[in-house]
**Student:** 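This is the structure, below, for whatever I ask next.
Please read all numbers here as calculations on a predicted model, not as lab measurements. Below, chain A is the first sequence line, B the second, and so on; all start at residue 1.
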Amino acid sequence: MNLAGNLTMMTLLVNGDSREVPAGITLSDLVALLGLENRRLAAEINENLVPRSGYTTCRLEPGDRIEIIHAVGGG
Amino acid sequence: MNLAGNLTMMTLLVNGDSREVPAGITLSDLVALLGLENRRLAAEINENLVPRSGYTTCRLEPGDRIEIIHAVGGG
Amino acid sequence: MNLAGNLTMMTLLVNGDSREVPAGITLSDLVALLGLENRRLAAEINENLVPRSGYTTCRLEPGDRIEIIHAVGGG
Amino acid sequence: MNLAGNLTMMTLLVNGDSREVPAGITLSDLVALLGLENRRLAAEINENLVPRSGYTTCRLEPGDRIEIIHAVGGG
Amino acid sequence: MNPSFPDPAGDTFTLAGRSFQSRLLVGTGKYQDLEQTRQAIEASGAEIVTIAVRRTNMGQTPGEPNILEVLPPDRYTILPNTAGCYDAKTAVRTCRLARELLDDHRLVKLEVLGDEKTLFPDVVATLEAAETLIAEGFQVMVYTNDDPILARRFEAMGCVAVMPLAAPIGSGLGIRNRLNIRTIVENAKVPILVDAGVGTASDAAIAMELGCDGVLMNTAIAAAQDPILMAHAMRLGIAAGRLAYRAGRMPAKRFASASSPLDGLFF
Amino acid sequence: MNPSFPDPAGDTFTLAGRSFQSRLLVGTGKYQDLEQTRQAIEASGAEIVTIAVRRTNMGQTPGEPNILEVLPPDRYTILPNTAGCYDAKTAVRTCRLARELLDDHRLVKLEVLGDEKTLFPDVVATLEAAETLIAEGFQVMVYTNDDPILARRFEAMGCVAVMPLAAPIGSGLGIRNRLNIRTIVENAKVPILVDAGVGTASDAAIAMELGCDGVLMNTAIAAAQDPILMAHAMRLGIAAGRLAYRAGRMPAKRFASASSPLDGLFF
Amino acid sequence: MNPSFPDPAGDTFTLAGRSFQSRLLVGTGKYQDLEQTRQAIEASGAEIVTIAVRRTNMGQTPGEPNILEVLPPDRYTILPNTAGCYDAKTAVRTCRLARELLDDHRLVKLEVLGDEKTLFPDVVATLEAAETLIAEGFQVMVYTNDDPILARRFEAMGCVAVMPLAAPIGSGLGIRNRLNIRTIVENAKVPILVDAGVGTASDAAIAMELGCDGVLMNTAIAAAQDPILMAHAMRLGIAAGRLAYRAGRMPAKRFASASSPLDGLFF
Amino acid sequence: MNPSFPDPAGDTFTLAGRSFQSRLLVGTGKYQDLEQTRQAIEASGAEIVTIAVRRTNMGQTPGEPNILEVLPPDRYTILPNTAGCYDAKTAVRTCRLARELLDDHRLVKLEVLGDEKTLFPDVVATLEAAETLIAEGFQVMVYTNDDPILARRFEAMGCVAVMPLAAPIGSGLGIRNRLNIRTIVENAKVPILVDAGVGTASDAAIAMELGCDGVLMNTAIAAAQDPILMAHAMRLGIAAGRLAYRAGRMPAKRFASASSPLDGLFF
């Protein structure tokens, strides 16, 4: 991901919030951008699960709805 | 009962309240004094029942504890 | 229905029992044969309801499964 | 207790049963006669408790009602 | 005539030598006014009605209506109670006053209470008071706990009815211990009347289904949102439970049993 | 006229567009004979009466009396049921037959059973059958378990009444889960009728006190020692519970509350 | 050490001046043999064990084992009872015999029964016997009904523990009237021990959750199919109920409350 | 060694091919903090522990402790649930996310809720979700109502455990319908785990005495005044109920049965 220069941005819906990110980034890039690299997470794009092995190759499109989840206490 | 002249008074406890009445009155007199003549009542003197037939002959003594009761709603 | 002469017979399953009846009779004929003309009934052929208006025109086929039912006490 | 010679006998009611024993024996003698010397027991004569210390001095009278009890399982 | 129609006249109960058709006994406390009291009692169909005796308020105006005025003696059997008494002596005094008040009326409901929180009976003091009252010729209907042994003792003393509580007075909790009430009923030769604790019509029906001869209640009617309607409900609940008891209910079974016949299923 | 007198005519319930005064619905199974059936139904005061449909016995003599003869259609609303059906298709066939039998009668009680031991409904098959029947123009009263979510679903589909079980059919165990029945009632806009499991009059009263619009029963009456008397008891139990519901019961309290006044105690 | 580990040593109860860790008291009747008795008591963890006194069988062989032999006095506090006594005098005689038998043992469980069918206490005779025994220096643990007023009276007389029944002795019906037991507990300063009527481990837990100091039982263990296993179950049930009482249970609510958070739902 | 000592190792239950000693399953919601969660779970002795999955809060600091950190996978079997899902699709998505999150973890607790007030399951949507999940290789433990027919259907579909509710989630009302739970247990070949509604230790014991294989709870522990103590109580309550079930309780009888012998009474 080239962060230098004039970036073209795109809008994603991440966990329900609109977020501007550089166009063409991967899911792996997004997780890094969000500072969640070392967290135990799972993710969906447009309601479809993305296996962790696919984060680096999964390129995001404008308007994608991303869900990033983790475990919490619950009963 | 002679209400004229200088009455000697005595103190009774009537239904828990101290009450000055002319000395030597009967239970019948007391009921009249209290304005209860035509009421359906029963009475005790010092925790002993007084039949209604005995009201006119029952002379009260200073310090007597009189209870005059009637029927009320109850369950 | 011609009951005289050499009748060709066919087998029906009426209320679960095999029954030989003249070939080609109608549902109305069957009800009469069973002595149920004046009973309040409803009937199915092969699990399909037959309206009462159709009894006289409904011709039975060999092997037809006929159910004839009436009301009984139940809760 | 002299068991030799012609004993005069007396009747006791021991635990509900009539029992002939030599006249004049003590409660201690009775316990021995019954073969209960080493048992953990308590006893009554005529509904009165007899402390164990009194067994040897407690002389029985004809007609005495003796109860000898012990512990059993119960809840 | 339909011979199986349940004839209420044929199902009376006898208390102190008198025969009653209604098995619902009601109190007269806690109502809004005497007119509501009157209407509720009428709706309940009760024939036996409890009252209390209290000190006459000296300041009371003479014309003030009195509870007895809405309870014509030719229509209702008045049942004075000893509510509020916490010892035998006071309960006995109360009964004597009530007897005098009501012209040698001998039928009383004896209750000697143990504490204000539970209004449970003090059964020891109740036994003592009952003994005195019976000796003085009273016909004692006795409020007690639901102990079958005590119930039998009150009967043996000569009480004309035994009145075990269903639950604390005024609690509306219904019958807390059906087994005890049932055992009391089975042992008894005098009427057993559940007294206190009923909250709604089904509670009254349950008491009757256990075989009780009747139920006495007050708060369940008076504290309903619509007391007159609840009085009707209670009258019907008592009748329903009594009829069910007489009819002999089906045995309860753990598992199902079809109501429609299994024969003739066409599938 | 006493304005608070409970006017039964003013407390009807509406089912499939028709208005009914009696909130007791009865079955016609398990009676000794048709005469007992007739008397019990009459004593119950029921206006809606269930029947089953079964294969006509070929050997039956033509003169044999028929259940419909003791149920004059001007007096009773006949409610054919699908008792004995263990799948959706059979239940639908049964309803079609009943509709034809009763001259385009569309009101049916749908039950699709899950097993013979419990006679619990198979709710999945019931949903399927209900959908077909409603599409064919039937007015479906549906027997279901006491799950509030399912009850709402049946209502949303267009069932004209939802009939949760109190306990297994024919068990007489009474309402096993009052909380669920209460929740179903609170959620509902169509009539909620407790169906199955009632054992005695107080059970019926409890169902009504929970706010149900009515109760359907059969075994509790037919298997009582005296069915006619029990039919009366049930009629009264339903009325008692309904009135108590309308009257608004007192709140239950853990502790006691005196019925007689505390003022004026003289000791 | 985990500071929140529930330390049983820190949760003793005090009875007649002695401190006990186990809140399960057991009887020794109805077992197959003394070895089973011994094992069951050991498994129960009980420290207080009841026995009865009975006439010595004259024909008994001297070597026959005795109940006391399986109850070493350094390990168990023996609690002689008056089971089988139907009047005050006999109960007092029984206690005196037991005291002598056990070398001036003063702790007794007093029960004076009212009849054989219910084995309910005769509370009047029990009061009389308790008075005599207390005057003679006995430490009386008293079997009574579940009447809160009587419980308080026994405490006021000087009984060292009050033992209300849960249900009839040997019935296994569990606590019939939780409200009464709870009220007795709230009023009491001496230990309240539920005596009689417990049937299974949850019954014992419920008694403890109501705040009782302990439970005495016999039949529930001895008449289980596997008494030793049930003794273990009871030991745990008592401990579970006690801990739950100390922990303070959640309030019951009519409706639901999600255990998982509502925040962060992604749909 | 005492041969009758109940050996917990000998009384495991098998779920989805794995063997467990603890029959108490716990949730991890509603605790004060993770340390309290950790302590409560440890005190409970649970081996299977539920978690939820929720959106990651973007503002969250990376160092914030995570529920999984207090649940070492070598010690606990993690059971992700679908709490908060009101339709089949969302529940399926949640399970897929959880599976990925936990490295192809296939054991899930499926719940599809019907409404927020009761948190009752939507059994139709649950059936749909279960079908999809089982086809995708999940091991589905399914939260359902207490309908025995549905329970059997879930088992037949291939669910590895059926989890009927005792009462609404978080209500603490205990087992509302013991008969249904008992019937479900009798029919089942897979583990039956009561899920939701337990309020205190005796409730847990009752579930086990009915023959359930285990109990899952959360609020009853987390919302107790002292959650750690209550976790101990629940552990013991489960063990007590299980042992009582294995021991075979005495039959309940209406009337009394003396524990002490009748022979040898000396009066």
**Student:** What residue, out of F/Pro168, F/Ala244, F/Ala196, has the most heavy-atom pairs lying under 4.5 Å from chain E?
**Tutor:** F/Ala244
**Student:** Using modelled atom types only, decide if a donor and an acceptor are shared between the side chain of E/Glu209 and the backbone of F/Ser202 within a distance under 3.5 Å.
**Tutor:** yes
**Student:** Would you compute the distance between atom CD1 of F/Ile228 and atom CG of E/Leu243 and round it to the nearest 0.5 angstrom?
**Tutor:** 12.5 Å
**Student:** Mind ranking E/Ala252, E/Ala205, E/Ala52 by heavy-atom pairs under 4.5 Å with chain F and telling me who comes out on top?
**Tutor:** E/Ala252
**Student:** Between F/Ala43 and chain E, with a heavy-atom cut-off of 4.5 Å, which part of the residue counts as in contact: side chain, backbone, both or neither?
**Tutor:** neither
**Student:** Heavy-atom count check: over 12 atoms from other residues, nucleotides or ligands less than 6.0 Å from E/Arg182 CZ?
**Tutor:** yes
**Student:** Relative to chain F, which segment of E/Ala220 carries a heavy atom at a distance below 4.5 Å: side chain, backbone, both, or neither?
**Tutor:** both
**Student:** In this structure, which one of F/Leu216, F/Leu119, F/Thr50, F/Ile169 forms a side chain to side chain contact (heavy atoms under 4.5 Å, CB included) with E/Ser259?
**Tutor:** F/Ile169
**Student:** I'd like to know which of F/Ala224, F/Gly237, F/Gly241 tops the heavy-atom pair count under 4.5 Å against chain E.
**Tutor:** F/Ala224
**Student:** Just give me the residue among E/Gly172, E/Ala240, E/Ser260 that pairs up with chain F most often, heavy atom to heavy atom, under 4.5 Å.
**Tutor:** E/Ala240
**Student:** If we define contacts as heavy-atom pairs under 4.5 Å, which of F/Gly199, F/Gly27, F/Pro227 has the most with chain E?
**Tutor:** F/Gly199
**Student:** Among the options F/Ile221, F/Thr219, F/Ile238, pick out the one with the most heavy-atom pairs lying under 4.5 Å from chain E.
**Tutor:** F/Thr219
**Student:** According to salt bridge (Lys or Arg N to Asp or Glu O under 4.0 Å), who are the partners of E/Glu111, at least two apart in sequence or on a separate chain?
**Tutor:** E/Lys109
**Student:** Contact part of E/Arg242 toward chain F, heavy-atom cut-off under 4.5 Å: side chain, backbone, both or neither?
**Tutor:** neither
**Student:** Are E/Lys30 and F/Ser257 close enough, and set up right, to give a side-chain hydrogen bond (donor to acceptor under 3.5 Å, both in side chains), and what steps lead you there?
**Tutor:** CA-CA 10 Å; E/Lys30 293 187 170 177; F/Ser257 164; 2.8 Å; yes
**Student:** Would you say that more than 12 heavy atoms from the other residues, nucleotides or ligands in this model lie under 6.0 Å from the NZ of E/Lys89, or not?
**Tutor:** no
**Student:** How close do E/Met230 and F/Arg249 get, counting heavy atoms only, and between which atoms?
**Tutor:** CE-CA, 3.6 Å
**Student:** With rounding to the nearest 0.5 angstrom, report the CD1 to CG distance, E/Ile206 to F/Asp203.
**Tutor:** 7.5 Å
**Student:** To the nearest 0.5 Å, tell me how far E/Asn218 CG sits from F/Met250 CE.
**Tutor:** 10.0 Å
**Student:** CZ/E/Phe255 to CG/F/Leu173 distance, rounded to the nearest 0.5 angstrom?
**Tutor:** 10.0 Å
**Student:** Are the side chains of E/Arg254 and F/Ser171 in contact, using a 4.5 Å heavy-atom criterion?
**Tutor:** no
**Student:** Is it true that a side-chain atom of E/Arg54 and a backbone atom of F/Pro261 form a donor plus acceptor pair closer than 3.5 Å?
**Tutor:** yes
**Student:** Can you name the residues that form a salt bridge (Lys or Arg N to Asp or Glu O under 4.0 Å) with E/Glu116, not counting sequence neighbours?
**Tutor:** none
